[in-house]
Structure formats: C-alpha cells, structure tokens
Amino acid sequence: MKIIGNKITTNMSLFAFLGFLIIVFSFTSEHFLGYYNIISLLTNISYSGIAAIVLTLVMISRGLDISIGGVIGLTTVVVATLYSQPDPFPVWLILIIGLSTGTLVGLLNGWCIAVMDMDPIITTLGAMAITRGLAYVISDAQSILMFEETTDFISNGTIFYIPMPIILFLITALIFSIILHKSKFGRTIYAIGANEASAKLSGISVKPVKIILYVLSGLAASVSGIILIGQTSVGMPQHGLGTELEVITAVLLGGTALSGGKGTIYGTIAGVLILGVLFNGLTISGVRYVHLQIFQGILLLVAVATYEIKTRNEVAS
Amino acid sequence: MWLKKLIYSDDIVGALGIFLVLLVLFFSIRTPHFFSLINFYSIIGNIPAMAILCLGLTFVVLVGDLDLSLGSILGITAILAVFFFKVMHFPLWLNLISCVIIGGFFGAFNGAVVTKIGINSIITTLGTMALIRGLTYWIAMDVDAMQVGRITDQAFLNFGRYYFPEKSRLIPITLVYIVILYGASALFLNHTSFGRQIYAVGSNEATARLAGINVKRVKFVCFIIAGMLSAFGGLVLVAQLGLGEAYTGQNMILEVITAVVLGGVLLTGGKGRLTGVIIAVLILGVIRNGMVHLEQVTDISVYWRDAAKGVVLLLAIGLYSFRKSFNAKRLRTRQ
C-alpha cells in the first residue's frame, strides 16, 4: 500500500508542478493559453515524446539508448533519399524501409548489449556515431527536399481537429502504459531492472526481453524521424542532433531512475509536458532561446536531487 | 606466445598500438600525401584539445563516474578567455589563471553535487552541461563576442602556436603540453598515494572506504582536475584558432568518451592506462585526417569517418567483452 502511495505522490507532485508552470505562464503571457499555442506546444512535444515513452521501458530495464538522435537523422535521410530517386518506390514501402532502419539499429544495439554483454552507454554511443555517419554518407551532407502527401498528413494532418503527431503520441503512450503496467512483459522489465541476476534465476529469459526493448526504442526513433520529415519537408543528417539528451532529460524528470527498476509512463508524460511547457512558456514570455538551457539544466538537477533526497529519507525511515 | 598474450591479456594497449600502426600503414599505402612530415604535424596540431579533454575525463572515469559537461566547460572557457581579453583587458597570465580556476570551480560544482547530494554523475553532468552551455551563450551575447571573438594579441596566440626552438617549426608547443600533462598525470596516478587511491576507489568503492580512503574527497578532486584540464584545453583551442565562439566544444564530449573507452579505460572505474588513452586519441585523429586523404583518391566519402569511429568503438568494446567471457570460461574449466 505504501509503495502505491509513494508512486501516486511522485506523479501527483510532477503534475502539480506542471499546473504551477501553466498558471505562471498564463500570467506572464496572454497568448500562452490560446488554442493555437496549446496545439503547437503539444505537436512539438509529440515528436520527442514518442521516443521518450519507449526509452522509459529501456531505462527501467537498466539500459540506455543514446543512438535515438542518430536514428532520427538516418531515418529522415533514408526516406528522403528513396523518395527523391528518379523512379521511387511506392510511399508505403519507403515508410516501411524507414521504420526498419531504426528497427535494425535497435536489433544491433540489443544484440551487442544482451548477447555480447556490452555496456549499453558505449554500445549506443557507437551506434550513434555509425547512424549519424551513415546519414552523412547517404545524403552527402546535403538536405534532401521531400514534399509528399502521406508524410505531410502524418505530421500536419488532423483527425477531428487533433493533429496527427498528438494522436500518434497518445496511441504510443496508451499502448506502452498497458504493456508496462498491465502485462506480464511489463513486470519482467521491472524485474530485470531491479536485479538482473535474480530475474535470470527466477526463470525470466533476460536476453530476448532486452533485445525487444532496444528494437522498440529504435522503431520509436524512426517514427519520430518520419514525423520530423513531414514537419520540415526535408531529410537531412543533422536532424535530431541532441534529441537524445532532451529525451533522456524528460525521462529522468519523470522519475525513472538511471539505476533501473523504477519509473512509470505517466511520469515520463509529465516530464515531457513539463519540458515542453517550460520551453514554450519561456519563449512566449520573451525569454531568449539561449537562456532556456540554463533553466533546463537547473530543472533536471533540482528534480533529481529531490528524488534522491526522498529515496534516502524512505530508506532511512 | 606474444600473440596469445596480446589477445587474451586484459591490457588493451598493445592491441591498440598495433591497430594504430596498421591504420597509418593503410592510409600511407592507399593515399599519396598521407605519409609526409607536414601531414603528421597537421594530425598533431588537430588533437591537443581532444587529448587534454580525454585526460580530464580519464580521471573522472577512473573513479567510476562520468562527466558529460567537459565540452561545455571548454566552451565557456573559450568565451571567457575572449571576454577577459577584450572587455576586461586582463594580462595574459591573469587571463589563463582565471580561466583555469573557473574551470576548476565548475568541476568542483559537479563534484559537490555528485558527492554531497549523491546524484548519479551522468545525470548531474547532463544538467550542468546544459546549464554551462546556457551561461556561455549568455555571456557571448552580452559581450557580443560571437561577432568579435577574434584574438589578435601575439602573446596569447603563441600560447597555442609557438614552436621550440623559436621559428624552427620543429616541436609545437601543444605537443609539449600534451607530453607534460600526460607524463605528470601518469606519474601522479602510478607513483603517488593519492593516484593509487583513485584506482582503489574506482575498482571497489566499499573496499576503499573500509581501507580508510576518503572516497568523497578523491571523487571531488577528480572532478576538479577534469574541470581545470578542460579549461586548459579550451585555452589551447582558442589560441590555436585565434577565436572563441559560444558553441566551441559542442558535441565534443561524445568523441571524448569514445576515445577514453577505446583507450581501454573501464567505464565502471578502476582500470585504464594513459598510454591507451593517448593512442586512442591518435587513432581517432588519424582516422579523421586519413579519410580526407582517402576521399581525394577514391570515391569513398569523407563522412564515412563518423561511421568508422563508431565501428572501431564497437569492435574494441566487443573484443573486450569477448575476452572477458573467454577468460572467465577458461578460469572455470581450470577449476
């Protein structure tokens, strides 16, 4: 009972902080709560939010995926290059190839980490260099224009006045919160993250689970890449540069521990929203972009320090 | 026998050295201009900031932590050096000393958060990385240094461009810095009691604490050393380039981590030699330089260098974990 209580209060305090931010910004800027701003805010966070939700699972299993930004860049380049060929494949095939790009990278990551027992940080660091390098090689460091109806719909289309990226984000959040919080597979992830050796001893086949998680993470990054290509109408190797750090920050803000075994999808959604509201609110209130990073850094440190102190008090009591 | 030792021993330095030689041979055979004195000087001239940053990170990794903010510390040093020079009109020595002290201050901040509050070092430095970069842009905007960040003072430029003996173009001063810093650090790590404490803390924190080592102080000092070295690297880079920009050193840290890991320093701490680190820095430098030469004679795009870097890293770490499991198996069969 107490564990459940703690989980609720962590998420509650995150959403309370989110509410506080929203109230502050609605005073500092009259446009903050306008319809168009809210829609643009939510659309902007969906893109990194999808990657963040899947990364939550990876981080709960005590892994990390730094290759997200590289996969995003590679996906946009692969899709745009295939589309700009003189005799291109049909669009659905191009999109499938784009999605399988991330899946393949995820498979490589998962195989190295689970089977070869390599360190997740280093492995995905290498994968990041490889994907980013391949993106530069394929595109020859050029931006490739891509005006196409399907990708445009994925990024800018609406269903019942709700933009597609938001719908995709919500669907991803729903699917993965069910997987993580309601399924046997979800419990397995927590078990692996909390103690891999004892998970193995209690009969969980750790390796396939880990591989699946990294494959999903790569796939999610590819989805982000396809959304990005629709939003910008261009595939370029610099796409997604630094996204991995943004995504990791959001997940950590949401209360997922880097040491594994702890974290929720709701927390990550709150983390993504807090980062998005903070950036949007500060920008709309006239704070220059360069100052945003300072706030981001302070926010991350304060949030994690709070968790740390809270955990220590729990242990002490 | 030596081959067996090379493959199965835990020491990665020999294998790295052979790989470096093979790389140099490969580029020398395939391209006409790679194997020349001028080009070697150009490779050496491109690595000092990298090498110094890697040295700083090695200290932190040896105690089992990670510092992602070193690139940002290098960046803020670059802007501050210009700021002190252009706006405050500091003399050179004061400029250098204040920059290194400020770098040490940022390192101390990291160290304090990690040791006093107890936050994981990756998260801490992820935060301070953004924080310091934000401060850098702030300063750069207020002094307008992004536009006028050029340094014209010859004394400052000589800090990174001087040659020994003068006007001979024989030994660049940056090479002297690298040799002195690496040499001093190797002596410090291997032959002082504090250096051995660094290894002890990294290999097993609990044991080190039981042996009476002040673990928190050792970690704290390592973060300070890393910060000061990064600041020094930033100063060298500013002097070499003749300008400082707010985005100097952005995205540099990932390459630094690559080099340190490739050099055989264990991310879990307690293991690693500076010889390996400097060879890894050279390997990355040779790849970066050699790919440009290779592009001129073949169709291979120069952008393969990033992919090549990643592959080398994965291979190195893959070989390492393969060796680890192989040795464990061999040990088991012996018992």
Side-chain angles (χ1 to χ4, degrees), chain A residues 64 66-67 70 108-109 112-113 115-119 121-141 237 241-242 244-246 248-249 252 257-259 288-309 311-312, chain B residues 66 68-69 72 109 113 116-141 246 250-251 254-255 257-258 260-262 266-268 300-322 324-325:
Chain A
L64 196 61
I66 308 186
S67 66
L108 172 79
N109 284 337
C112 287
I113 293 164
V115 180
M116 295 287 292
D117 197 23
M118 287 156 63
D119 186 283
I121 299 179
I122 308 174
T123 308
T124 52
L125 190 67
M128 186 191 82
I130 294 175
T131 46
R132 186 72 68 195
L134 280 180
Y136 273 103
V137 170
I138 294 172
S139 64
D140 203 23
L241 206 65
E244 59 276 348
L245 296 178
E246 201 183 310
I248 293 171
T249 306
L252 289 173
L258 207 59
S259 48
R288 293 214 225 174
Y289 173 74
V290 296
H291 297 162
L292 295 184
Q293 285 190 312
I294 302 179
F295 286 100
Q296 188 190 343
I298 293 175
L299 185 67
L300 181 67
L301 285 180
V302 170
V304 178
T306 318
Y307 292 136
E308 186 59 40
I309 291 165
T311 329
R312 203 181 293 164
Chain B
L66 204 58
L68 302 173
S69 68
S72 293
F109 180 76
V113 174
K116 298 281 185 272
I117 307 182
I119 303 180
N120 180 304
S121 60
I122 299 179
I123 306 176
T124 305
T125 52
L126 191 66
T128 51
M129 178 173 79
L131 190 72
I132 297 171
R133 184 63 68 185
L135 286 176
T136 311
Y137 277 108
W138 197 356
I139 300 168
M141 224 163 39
Q250 213 155 12
N251 300 320
L254 293 174
E255 189 163 346
I257 296 175
T258 307
V260 170
V261 169
L262 185 64
L266 269 190
L267 270 192
T268 45
I300 299 168
S301 162
V302 70
Y303 294 108
W304 277 109
R305 66 185 169 192
D306 286 333
K309 240 163 35 192
V311 171
V312 167
L313 178 67
L314 283 187
L315 281 182
I317 206 73
L319 181 72
Y320 178 78
S321 62
F322 171 75
K324 200 171 62 180
S325 64

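Below, chain A is the first sequence line, B the second, and so on; all start at residue 1.
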Query raised in the report: Distance from B/Leu267 atom CG to A/Asp119 atom CG, nearest 0.5 Å?
Result: 5.5 Å

Query raised in the report: Roughly how far apart are A/Ile294 CD1 and B/Ile132 CD1, rounded to 0.5 Å?
Result: 10.5 Å

Under 3.5 Å, which donor-acceptor pairs link side chains of residues 130-138 of chain A to any protein atom two or more places apart or in another chain?
residue, atom, partner, partner atom, Å
A/Thr131, OG1, A/Ala127, O, 2.8
A/Thr131, OG1, A/Met128, O, 3.0
A/Arg132, NH1, A/Pro237, O, 2.7
A/Arg132, NH1, A/His239, O, 2.9
A/Arg132, NH2, A/Gly69, O, 3.3
A/Arg132, NH2, A/Gly240, O, 3.4

Report task. Go through the steps to decide whether A/Ile121 and B/Ile122 satisfy the test side chain to side chain contact (heavy atoms under 4.5 Å, CB included), and finish with yes or no. Result -> CA-CA 11 Å; A/Ile121 299 179; B/Ile122 299 179; 3.5 Å; yes

Query - Leading residue by heavy atom contact count with chain A [cutoff under 4.5 Å; candidates B/Ala308, B/Gly318, B/Ser301] - result: B/Gly318

Requested in this report: Heavy atoms only, distances under 4.5 angstrom: which of A/Ile248, A/Leu245, A/Thr249, A/Leu241 has the most pairs with chain B? Name it, please.
Outcome: A/Leu245

Requested in this report: Kindly state each residue pair satisfying salt bridge (charged side-chain N to carboxylate O under 4.0 Å, His left out) with at least one member in residues 308-321 of chain B, sequence neighbours excluded.
Outcome: B/Glu255-B/Lys309, B/Asp306-B/Lys309

Report task. Examine whether an atom of B/Leu313 lies under 4.5 Å from a heavy atom of chain A, and if so say whether it belongs to the side chain, the backbone or both; otherwise answer neither. Result -> side chain

Query raised in the report: What part of B/Val261 lies closer than 4.5 angstrom to a heavy atom of chain A: side chain, backbone, both or neither?
Result: side chain

Requested in this report: Count the heavy-atom pairs under 4.5 Å between each of A/Thr123, A/Ile66, A/Leu299 and chain B, then report the option with the highest count.
Outcome: A/Thr123

Query raised in the report: Where does A/Leu64 contact chain B at under 4.5 Å (heavy atoms): side chain, backbone, both or neither?
Result: neither

Query raised in the report: Among A/Leu300, A/Ile122, A/Asp117, who wins on heavy-atom pairs under 4.5 Å with chain B?
Result: A/Ile122

**Report entry** Top contributor to chain A interface from B/Leu126, B/Val312, B/Leu135 [non-hydrogen pairs under 4.5 Å]
**Finding:** B/Leu126

**Report entry** Inter-residue atom distance B/Leu131.CG - A/Leu301.CG, 0.5 Å rounding
**Finding:** 7.0 Å

Query raised in the report: Side chain, backbone, both or neither: which part of A/Leu252 has an atom under 4.5 Å from a heavy atom of chain B?
Result: side chain

